[in-house]
S.K.: 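Structure incoming, see below.
It should be emphasised that the depicted structure is a prediction, and the values quoted were computed from it without experimental measurement.
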Amino acid sequence: MLIEGGGGVEEEEESCEAGENTNAEEEVVEKSNAEKEEEERKKEEEETRNAWEEAKKRNRKFFKGVLTDAEADEKFEKSWEDQCKETWDEVDSEVDEELENLKSLYSNLYVKYISSAEGARIVGVPEEEEALKKKKGGLKLKIKVKNPSLRRLISGGVAGAISRTAVAPLETIRTHLMVGSGGHSTTEVFHDIMKIDGWKGLFRGNLVNVIRVAPSKAIELFVYDTVNKNLSPKPGKQAKLPLPASLVAGACAGVSSTLCTYPLELVKTRLTIQRGVYKGIVDAFVKILREEGPGELYRGLAPSLIGVVPYAATNYFAYDTLRKAYRKVFKQEKIGNIETLLIGSAAGAISSSATFPLEVARKHMQVGAVSGRQVYKNVMHALASILEQEGIHGLYKGLGPSCLKLVPAAGISFMCYEACKRILVEEDEEA
């Protein structure tokens with residue numbers, strides 16, 4: 001028993017000694033690793049210090065003869081501090097941007113999945129921020145219309161109706177001046193209309209004008225956009241035609257709208273000039289068909305088409321060119337309402353002045369033999385007769401009021417069209 005007990009003690013003592021040896025070995029390894037890390041750190045510090053001194057030496061050499069060594073060292077250290085500060089500023093900026101992105105992400109998720117009992121207020125946006133946005137942007141009406149063709153048709157119709165109604169008095173005066181009815185100046189015609197019919201006379205035939213212009217503009221803009229898209233070359237590809245796409249598309253749009261709405265244009269002119277002859281639109285159509293035949297509804301179509309082709313082509317080409325020039329000069333992709341109004345007005349003035357003689361011939365041919373006037377055989381006969389009887393001045397009679405009417409009409413039309421396109425959107429979230 002004593003021998004066994006003594007053996008156990010000896011084994012325990014040997015185990016303790018082995019444990020102490022293991023701990024000592026671990027301490028030696030840890031000490032060795034620490035010494036290696038310290039040596040590596042000192043080595044890195046030494047290399048950094050040497051690189052720093054070498055950089056300072058090169059800097060002194062660079063400024064030798066210009067700055068003293070002390071001034072060169074001070075400039076070097078200041079430059080180094082600024083560079084470090086700039087680097088940390090960039091890091092801080094990147095961190096702030098990432099935090100802002102995370103904040104926006106969680107805000108959007110909160111708005112999307114958390115409903116509000118108030119309904120009208122957007123959840124997740126502070127009330128102050130929401131009020132500021134409403135005050136800044138105002139009420140933005142959006143109507144969802146998925147079909148792009150329908151959006152263009154509606155926008156064109158609204159734009160045409162608003163623009164024509166706004167300039168209806170000028171259109172009435174212009175028509176009277178063209179055919180020499182009621183006076184030889186804007187003032188004389190205005191007083192004559194006011195004396196006979198009053199303010200109502202200035203808007204005579206405006207309903208027909210709106211009924212004609214609304215579908216005309218809708219068709220015109222639809223055809224223009226469709227043709228322009230098909231003819232415009234894709235990036236990197238050659239143009240399909242030698243002429244600008246907007247020029248050809250404008251001509252096609254003008255011809256299409258004229259063919260569809262010309263009879264209404266003739267009826268409007270008859271209602272404006274022949275006072276008391278027709279009771280209204282339907283009565284005018286019936287009497288013209290019964291007394292003069294269906295062909296009378298298209299009297300003057302040839303000069304109208306000849307006038308429309310250069311007018312519409314020039315109008316849309318000028319509008320498209322001026323918009324591109326505006327974006328290039330002001331480096332702004334978005335064009336505001338006032339800018340659109342001015343660009344559209346300029347385009348209307350250019351196209352109207354270029355094609356005005358054909359417009360005069362068309363009006364003369366539409367009126368026909370009213371009040372004993374001469375009946376013209378064709379466009380050239382009308383232009384030659386007017387030139388012979390009244391001179392060059394006769395071909396541009398009414399150009400002033402015509403520009404006064406067409407310039408704002410074109411501007412208002414383009415402005416309303418662009419505004420309607422922003423209201424009629426494909427998706428609810430579109431701006």
Side-chain angles (χ1 to χ4, degrees), residues 93 96-97 100-101 104 108 122 125 129-145 148-149 151-160 162-163 166-167 217 220-237 239 243-250 253 312-353 403 406-431:
S93 177
D96 291 341
E97 185 177 353
E100 189 65 29
N101 290 339
S104 176
N108 291 338
I122 299 176
V125 179
E129 184 179 346
E130 183 182 351
L132 181 63
K133 285 183 178 179
K134 285 184 178 179
K135 184 177 180 181
K136 183 178 179 180
L139 179 62
K140 293 184 178 180
L141 176 64
K142 299 294 178 186
I143 301 174
K144 186 176 179 181
V145 180
S149 299
R151 289 202 301 272
R152 289 193 292 271
L153 287 169
I154 295 174
S155 299
V158 172
I162 294 175
S163 63
V167 297
K217 270 293 177 184
E220 188 176 302
L221 290 165
F222 173 76
V223 173
Y224 167 77
D225 190 72
T226 303
V227 176
N228 190 43
K229 276 187 176 181
N230 291 329
L231 293 181
S232 296
K234 295 181 180 179
K237 291 189 177 181
L243 297 175
S246 59
L247 192 70
V248 178
T314 308
N315 189 32
Y316 281 101
F317 176 69
Y319 178 70
D320 185 57
T321 304
L322 290 173
R323 281 174 66 87
K324 290 178 180 177
Y326 177 88
R327 290 192 177 103
K328 185 176 181 180
V329 172
F330 294 97
K331 293 180 173 55
Q332 293 181 359
E333 187 63 27
K334 185 178 180 181
I335 301 178
N337 290 331
I338 300 301
E339 291 83 356
T340 302
L341 176 67
L342 296 175
I343 290 172
S345 298
I350 293 169
S351 55
S352 176
S353 300
C403 286
L406 285 175
V407 167
I412 294 170
S413 177
F414 280 119
M415 183 181 68
C416 291
Y417 176 67
E418 298 295 340
C420 283
K421 284 201 300 183
R422 288 193 291 270
I423 293 174
L424 303 176
V425 296
E426 184 174 357
E427 299 294 341
D428 294 333
E429 68 273 11
E430 283 189 23

S.K.: Please report the shortest heavy-atom distance between S163 and A409, naming the atom on each side.
M.R.: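 In terms of heavy atoms, the two residues are closest at CB-O, 3.5 Å.
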
S.K.: List the steps, then state whether side chain to side chain contact (heavy atoms under 4.5 Å, CB included) holds for R327 with E333.
M.R.: CA-CA 6 Å; R327 290 192 177 103; E333 187 63 27; 3.5 Å; yes

S.K.: Which value, rounded to the nearest 0.5 Å, describes the distance between I143 atom CD1 and I154 atom CD1?
M.R.: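 If I round to the nearest 0.5 Å, the distance is 8.0 Å.
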
S.K.: L153: what forms a side-chain contact (heavy atoms from CB on, under 4.5 Å) with it, not counting sequence neighbours?
M.R.: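 Per chain and number, L153 pairs via side-chain contact (heavy atoms from CB on, under 4.5 Å) with A218, F222.
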
S.K.: Please name all residues satisfying side chain to side chain donor-acceptor pair (under 3.5 Å) with Y316, sequence neighbours left out, ordered by chain then number.
M.R.: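 Per chain and number, Y316 pairs via side chain to side chain donor-acceptor pair (under 3.5 Å) with E220.
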
S.K.: Considering only heavy atoms from C-beta outward, does the side chain of C416 approach that of V158 to under 4.5 Å?
M.R.: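 Not in contact.
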
S.K.: Walk me through it: do S352 and V407 pass the test side chain to side chain contact (heavy atoms under 4.5 Å, CB included)?
M.R.: CA-CA 8 Å; S352 176; V407 167; over 6 Å; no

S.K.: Hey, could you give me the CD/OG distance between E418 and S413, rounded to the nearest 0.5 Å?
M.R.: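 Output value for this atom pair is 10.0 Å.
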
S.K.: Taking all non-hydrogen atoms of both residues into account, name the closest pair between S232 and A245 and its distance.
M.R.: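 Closest pair (atom of S232, atom of A245, distance): OG-CB, 3.6 Å.
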
S.K.: Would you say the side-chain atoms of S353 pair up with the backbone N or O of I350, donor to acceptor, closer than 3.5 Å?
M.R.: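 No, because the side chain of S353 does not come within donor-acceptor range (under 3.5 Å) of the backbone of I350.
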
S.K.: Please round to the nearest 0.5 Å and tell me the distance separating atom CD of E339 and atom CD of Q332.
M.R.: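 Here the rounded value is 7.5 Å.
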
S.K.: Would Y224 and D320 count as a side chain to side chain contact (heavy atoms under 4.5 Å, CB included) if you check the C-alpha gap in whole Å, the side-chain angles of each, and the deciding distance to 0.1 Å?
M.R.: CA-CA 12 Å; Y224 167 77; D320 185 57; 4.2 Å; yes

S.K.: If you round to the nearest 0.5 Å, how far is CG of L322 from OH of Y326?
M.R.: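 Nearest 0.5 Å value for the OH-CG distance: 12.5 Å.
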
S.K.: List the steps, then state whether side chain to side chain contact (heavy atoms under 4.5 Å, CB included) holds for L341 with F414.
M.R.: CA-CA 7 Å; L341 176 67; F414 280 119; over 6 Å; no

S.K.: For the atom pair CG (L221) and OG (S155), what is the distance rounded to the nearest 0.5 Å?
M.R.: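 One gets 8.5 Å once the value is rounded to the nearest 0.5 Å.
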
S.K.: Any side-chain to backbone donor/acceptor pair from K142 onto R422? Under 3.5 Å, distance only.
M.R.: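 Pair found, side chain donor or acceptor close to backbone of R422.
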
S.K.: For the residue pair T340 and R323, what are the closest heavy atoms and their distance?
M.R.: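 It is OG1-NH1, 4.1 Å.
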
S.K.: Supply the atom-to-atom distance D225 CG to R152 CZ, rounded to the nearest 0.5 angstrom.
M.R.: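 Nearest 0.5 Å value for the CG-CZ distance: 4.0 Å.
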
